[in-house]
Amino acid sequence: MPNTHRTLTPEQIIRPEILALSAYHVPPATDMIKLDAMENPYPLPESLRNTVAQLAARAPINRYPDASATELKATLRQALGIEDEMEILLGNGSDEIIQIIAMAAARPDAVLLSVEPAFVMFRMIATFTQMRYVGVPLHQDFSLDLPAMLEAIAKHEPAVIFLAYPNNPTGNLFDAAAIVSIIQAAPGIVVIDEAYHAFADVSFMHRLSKYPNLLVMRTLSKLGLAGLRLGLLIGRSEWLHEFEKVRLPYNVGIMTQVIADEVLQQADVLLEQAQTIKTERAKMLAYLETIDGMTVFPSDANFILFRINAASQIFQALKQRRILIKKLDGTHPLLENCLRVTVGTPEENVQFCTTLNTIITEITS
Ligand SMILES: *Cc1c(COP(=O)(O)O)cnc(C)c1O
């Protein structure tokens, strides 16, 4: 008998909005000075790494992990100073938490609102979950356009607003009073994404008890544990109780639970590294500002955004010399000729700064 089984093509099965996407691109970085992904460049101290090795050796990986991660949550509560009245939800990175929130809120026609330019996952996850995405442009200096935000909130009545504080890819903190106005005007929830909190010293955490529609998100990724994948959402039980239903039971593995728990007991190590990164950030900012034709944007994060003529050419030339940063030119009109560099070790930063200077001299001579 002839085989008459005919299957549909991906174009016939996959949703058109997914077909239209390009996958989140992570460029290869072997043998590169890697300054593109806001990672902490420092390893853990030797003694702590040995402790981690022993914990890993003892971990019962034949068993499922603790689905409620009770011990880890207690340690996080202590280390981050989370109030007793607030609940914690854990994610496999905060990316997953964005997805959990969106999945739970994705009623037909529900809106997810953020600013532009912002963290690209806000828009992508809105698409994955069939939420309608609204991006309100920032001002030229990347500050919040509060009247435009309030207008968009009134018009679209967003179910969820995401604001990164400090913002990625721009590095700045939005005006706290403007954010409060947004929280007060929003009919839905406002998630303040504090991925870069360790480099900023300010937070909305202490306002959680004041605003019933406020949630705060953190991650260990930028703090030095990007490979573990651990993010957390902090807020009232009335919200987190619902999001918990959408979370897959074993989303945080046992290795992440035991290692994060141990490292957070000694959080000073990470905080000292963050302090070093802040000192290096100041040095890099000062240096970059001396380069002719350069616009350097202020940063409260572990990266620096700058604008320079022929940015794409400079990006390529850096790459040829094995220095990988992030090209933002072409991703949004406000980011024309913009590049973003993560603050690395002192040696990496010097290498970046001097190579950049050489390239600019070559191009302009
Ligand atoms: C890096 C980043 C995240 C994602 O962090 P993970 O916890 O590693 O998933 C979330 N929000 C912003 C603004 C970021 O820059």
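Hydrogens, waters and symmetry mates are skipped; everything else that's a heavy atom, side chains included, is used. Atoms within a ligand are numbered from 1 in the order they appear, just like the ligands themselves.
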Study note, to complete from the structure: Heavy-atom proximity to atom 9 (O) of ligand 1 ranks first, among Arg229, Gln99, Met38, for Arg229

Check your understanding: Just heavy atoms, cut-off under 4.0 Å: does Met217 contact ligand 1 by side chain, backbone, both, or neither?
Key -> neither

Check your understanding: How close does the nearest protein non-hydrogen atom get to atom 15 (O) of ligand 1, and which residue and atom is it?
Key -> Tyr196 OH, 2.5 Å

Check your understanding: Less than 4.0 Å between a side-chain N and a carboxylate O, is that true for Arg58 and Glu262?
Key -> no

Practice item. Measure centre to centre between the rings of Phe199 and Phe303, then say whether the value is under 6.0 Å. Key: no

Practice item. Enumerate the atoms of ligand 1 whose separation from the nearest heavy atom of Asp95 is less than 4.0 angstrom. Key: 4 (C), 9 (O)

Check your understanding: Would you say the side chain of Leu230 lies within less than 4.5 Å of the side chain of Leu72, judging by non-hydrogen atoms?
Key -> yes

Check your understanding: Where on Ser94 is there a heavy atom closer than 4.0 Å to ligand 1, on the side chain, on the backbone, on both, or on neither?
Key -> both

Review point. Does any donor atom in the side chain of Gln184 or Ser181 lie under 3.5 Å from an acceptor atom in the other side chain?
Key: no

Check your understanding: Does a salt bridge link Arg123 with Glu116, judged by any charged N lying under 4.0 Å from a carboxylate O?
Key -> yes

Review point. When you measure from atom 14 (C) of ligand 1 to every protein heavy atom, which one gives the shortest distance, and what is it?
Key: Lys222 NZ, 3.1 Å

**Study point:** Electrostatic pair Asp109:Arg107 at N-O distance under 4.0 angstrom
**Key:** no

**Study point:** Asn168 neighbourhood, listing ligand 1 atoms whose heavy-atom distance to it stays under 4.0 Å
**Key:** 13 (C), 14 (C), 15 (O)

Check your understanding: Can you list the ligand 1 atoms lying under 4.0 Å from a non-hydrogen atom of Ala164?
Key -> 13 (C)

Point to revise | Modelled atom types, side-chain donor and acceptor of Asp66 and Gln257, under 3.5 Å | key: no

Check your understanding: Ser221 heavy atoms, cut-off 4.0 Å: which ligand 1 atoms fall inside?
Key -> 6 (P), 7 (O), 8 (O)

Point to revise | From the candidates Asp193, Leu230, Val120, the one that places a heavy atom nearest atom 12 (C) of ligand 1 | key: Asp193

